[in-house]
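What follows is a set of notes on a single structure, which appears directly below.
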Protein chains: 2
Amino acid sequence: MQLKSLRLLMAVAETGSFMAAAKQLHTVQSNVTTHIKKLEEELGAQLVHRAGGVRLTSAGLALLDYAERLLAVHDEALALFKSPENAAGQLRLGSMETTMALRLPPILAAYHANFPDVDMTLSTGPTASLIEKLMAGQADGVFVAGAIDHHRYHSLKVFSEQLVLVSPTPMASVPSSEELLTATFLAFRQGCSYRQRIELLLASQGINAVRVFEFGTLDAMLGCVAAGMGYTVLPRITVEAHRHRFGIHTMELPSDIANIDTYFVTPEPATWSPALARFVDTLRQEAKV
Amino acid sequence: MQLKSLRLLMAVAETGSFMAAAKQLHTVQSNVTTHIKKLEEELGAQLVHRAGGVRLTSAGLALLDYAERLLAVHDEALALFKSPENAAGQLRLGSMETTMALRLPPILAAYHANFPDVDMTLSTGPTASLIEKLMAGQADGVFVAGAIDHHRYHSLKVFSEQLVLVSPTPMASVPSSEELLTATFLAFRQGCSYRQRIELLLASQGINAVRVFEFGTLDAMLGCVAAGMGYTVLPRITVEAHRHRFGIHTMELPSDIANIDTYFVTPEPATWSPALARFVDTLRQEAKV
DNA sequence: TAGTAGCTATCTCATTTTGAGATAAAAGAT
DNA sequence: ATCTTTTATCTCAAAATGAGATAGCTACTA
């Protein structure tokens, strides 16, 4: 059974004539005859009355019902891929905790407002496991720290964060080695790229091992810093958004350690679903990159 | 876009391999490649990741969603026509008032029990207008008095009725001409074949015109006969079913006038929809013809 | 009832598409 | 590195398709 044949059947039903149907679909009448005949052979039933003006038989009407449904789905699928204002289906995103907390809400909101037919799922996790998810095909795109150098993947720089040292008391300068040695650090669980920066900071001071507490959420971490439990390293914008709720202080870090870029990593653009392509559009607009 | 291609895409998604997909659908791997490639060109998006084991891209997954819907509808349509135990869609029947009242209820009930997915509509009317409806394509089959001699239509004899003269008082024999001349006749509206029999009866007595009242429903008519308003002519089985409710009496008529057959008339069997074909099956069983 | 106008079925043929096999190229496994 | 498995490409024969020409059918008209 060919979609073409069904479309011809619909045209015949509409126009009540093989010639008019042919004209409507820009073909010739003999082809209409052939297609309808083939359908009739395939289904073993006469679909069209040929006495005088043609009319669908009851078998034809029964098939017409399916033809309409079939072509509606087909046209919908085609429209999805053809017109850039369409997006539907599902979109599986992944993001780091901090990006999710501060950068994504307005973007997700804007996307959902424009493309309400997309079912979004967003999971958070550290950079390493997000990349794994992406490569396993369990996510369509992930927000991670740092670009991926792989020709099958595409990295779009979307945010630039400046990391700052967060402490419970004001500081004049980056703490000395001695101070750091005795200090406690709070960080997200292993795999988080910000934690790697903490270790980088410590390494730059010649310190290899130090006590590090692990947290799962931002609020818990900042609460503990404010309570004097220790230091942490976070994006400036993240800290500033929460500063009014916690009695915390920040200190600039050396730029090689401080500057970290967030990328949106996906498979090659050619493989993007319409939903994903529209998401990247939204991202470009909202993040202004 | 070809249904074949979509089916291949589904097989690829399922098996995760072009070769396995080819085997599953009894074709060769090169054809799978070609079909998928054609889909990709048509939609302008890569549908399948070719790194190592093949996997659908997010665009592929989006299309897969439509492919599944499309093929489900297609298979449903095909199953409808292929397997004789299926029937769906609509069935538009027409029937004479008397047949509807007495013969059809058990048949319609049996049909509906077996094929609940068919939307039945039944309209009643006199033979003439039912035939018109059928010919105009507004009905799929009609129960009428007498066969149709037309090579585009098919008449199936389903019931044999014996017409009797119905009167308010007992009769020893068919009323004489003088009695008939002064009598009033009650009948369905013009077009009803039973009414033609009344006129035939009168003509056999050399009477051309007589007073005839027209009624739309059986109950009204029988009620008026019982009340002594006049005579009527109806199938014996119809009268017997109502005799206990009305004080009426019957009298046999000459067999050439009395015997009348009810036919189920449809377009040619080749044009029957599955729903109609199953109805005729049911009819043959229930009516035992 | 013959004629005519309008439509559909059939036939033909050039073109395109399809399907299958063979082979080359690429990716993983040992 | 070699071998195995899988996909892409090429080729060719067979089949399907689309368009035109023509014959046949139906309904309407005079």
Side-chain angles (χ1 to χ4, degrees), chain A residues 1-43 45-57 59-60 135-137 150-153 267-268 270-271, chain B residues 1-43 45-57 59-60 132 135-137 149-153 267-268 270-271:
Chain A
M1 195 186 295
Q2 295 255 86
L3 290 174
K4 235 179 296 181
S5 309
L6 294 178
R7 205 172 295 275
L8 282 171
L9 184 74
M10 275 188 64
V12 168
E14 251 182 59
T15 62
S17 140
F18 281 27
M19 297 210 81
K23 212 168 286 173
Q24 185 178 316
L25 296 185
H26 312 100
T27 181
V28 294
Q29 166 266 321
S30 63
N31 291 333
V32 180
T33 299
T34 311
H35 272 271
I36 300 290
K37 204 173 162 189
K38 209 167 169 187
L39 272 180
E40 291 181 329
E41 277 165 18
E42 190 179 341
L43 299 178
Q46 192 178 324
L47 301 173
V48 177
H49 271 295
R50 267 89 160 181
V54 293
R55 227 184 41 220
L56 293 201
T57 64
M135 293 192 163
H150 189 307
H151 71 102
R152 302 207 105 82
Y153 293 89
E268 302 162 273
T271 73
Chain B
M1 193 186 294
Q2 296 255 112
L3 290 175
K4 236 179 296 181
S5 311
L6 294 178
R7 206 173 290 277
L8 282 172
L9 183 75
M10 275 188 63
V12 168
E14 251 181 59
T15 63
S17 140
F18 280 28
M19 298 209 78
K23 211 168 287 175
Q24 186 178 315
L25 297 184
H26 311 100
T27 180
V28 293
Q29 166 267 324
S30 64
N31 291 333
V32 180
T33 299
T34 311
H35 272 271
I36 300 290
K37 204 172 163 190
K38 208 168 171 186
L39 272 180
E40 290 181 329
E41 278 166 19
E42 189 179 342
L43 298 179
Q46 192 179 323
L47 301 173
V48 176
H49 271 295
R50 266 88 159 182
V54 294
R55 228 184 41 220
L56 293 201
T57 64
E132 261 177 49
M135 292 193 162
D149 186 23
H150 189 306
H151 70 102
R152 299 208 107 82
Y153 293 90
E268 300 162 272
T271 73

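First the proteins, then the strands, lettered A, B, ... as listed; each starts at 1.
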Legend entry - B:Met1 CE to A:Gln2 CD distance, which is reported to the nearest 0.5 Å: 13.5 Å
Legend entry - Interatomic distance where CD belongs to A:Glu41 and P belongs to C:dA9 [whole Å]: 12 Å
Legend entry - Within residues 8-19 of chain A: residues closer than 4.0 Å to DNA chain C (heavy atoms): A:Ser17, A:Phe18, A:Met19
Inset, instruction - Compute the bend angle of the helix from C:dT1-D:dA30 to C:dT30-D:dA1 from the end axes (five pairs per end), rounded to 10°. - result: 30°
Inset, instruction - Write down the atom of A:Phe18, the atom of A:Gln29, and the distance for their closest heavy-atom approach. - result: CB-CG, 4.2 Å
Inset, instruction - Grab the CD-C1' distance between A:Gln24 and C:dC7 for me, whole Å please. - result: 17 Å
Legend entry - Value rounded to 0.5 Å, distance of CZ in A:Arg7 from CG in A:Leu3: 7.0 Å
Inset, instruction - Ignoring backbone atoms, test whether A:Lys37 places a side-chain nitrogen or oxygen under 4.0 Å from the OP1 or OP2 oxygen of C:dT10. - result: yes
Inset, instruction - May I have the distance from A:Ile36 (atom CD1) to C:dA9 (atom P), rounded to whole angstrom? - result: 9 Å
Inset, instruction - Quickly work out the B:Leu39 CG to D:dA8 C1' distance and round it to whole Å. - result: 17 Å
Legend entry - Annotated protein contacts, base or backbone, on nucleotides 15-21 of chain C with a non-hydrogen cut-off under 4.0 Å, one of B, S, - each: --SSBBB
Inset, instruction - Mind jotting down which residue pairs meet the side-chain hydrogen bond (donor to acceptor under 3.5 Å, both in side chains) criterion with at least one end in residues 16-28 of chain A? Sequence neighbours excluded, please. - result: A:Thr27-A:Asn31
Legend entry - With B:Arg55 via side-chain hydrogen bond (donor to acceptor under 3.5 Å, both in side chains) - residues at least two apart: none
Legend entry - side-chain hydrogen bond (donor to acceptor under 3.5 Å, both in side chains) involving B:Glu40 - partner list, sequence neighbours excluded: B:Arg50
Legend entry - NE2-OG distance between A:His35 and A:Ser30, expressed to the nearest 0.5 angstrom: 9.5 Å
Legend entry - Phosphate contact (C:dC7 OP1 or OP2) by A:Arg50 side-chain N/O below 4.0 Å: no
Legend entry - Contact summary for A:Ala20 and A:Thr15, nearest pair of heavy atoms: CB-CB, 3.6 Å
Inset, instruction - For B:Thr33 and for A:Gln29, find the nucleotide of DNA chain D with the closest heavy atom, then tell me which residue's nucleotide is more 5'. - result: B:Thr33
Legend entry - Spacing of A:Leu25 atom CG and A:Leu8 atom CG [to the nearest 0.5 Å]: 5.5 Å
Inset, instruction - In sequence, state the C-alpha distance, the side-chain angles, and the governing distance for B:Leu39 and B:Leu47, and then conclude on side chain to side chain contact (heavy atoms under 4.5 Å, CB included). - result: CA-CA 8 Å; B:Leu39 272 180; B:Leu47 301 173; 3.8 Å; yes
Inset, instruction - To the nearest Å, give me how far apart CG (A:Leu47) and C1' (C:dT8) are. - result: 16 Å
Legend entry - Straight-line distance of B:His49 NE2 to A:Met135 CE, nearest 0.5 Å: 10.5 Å
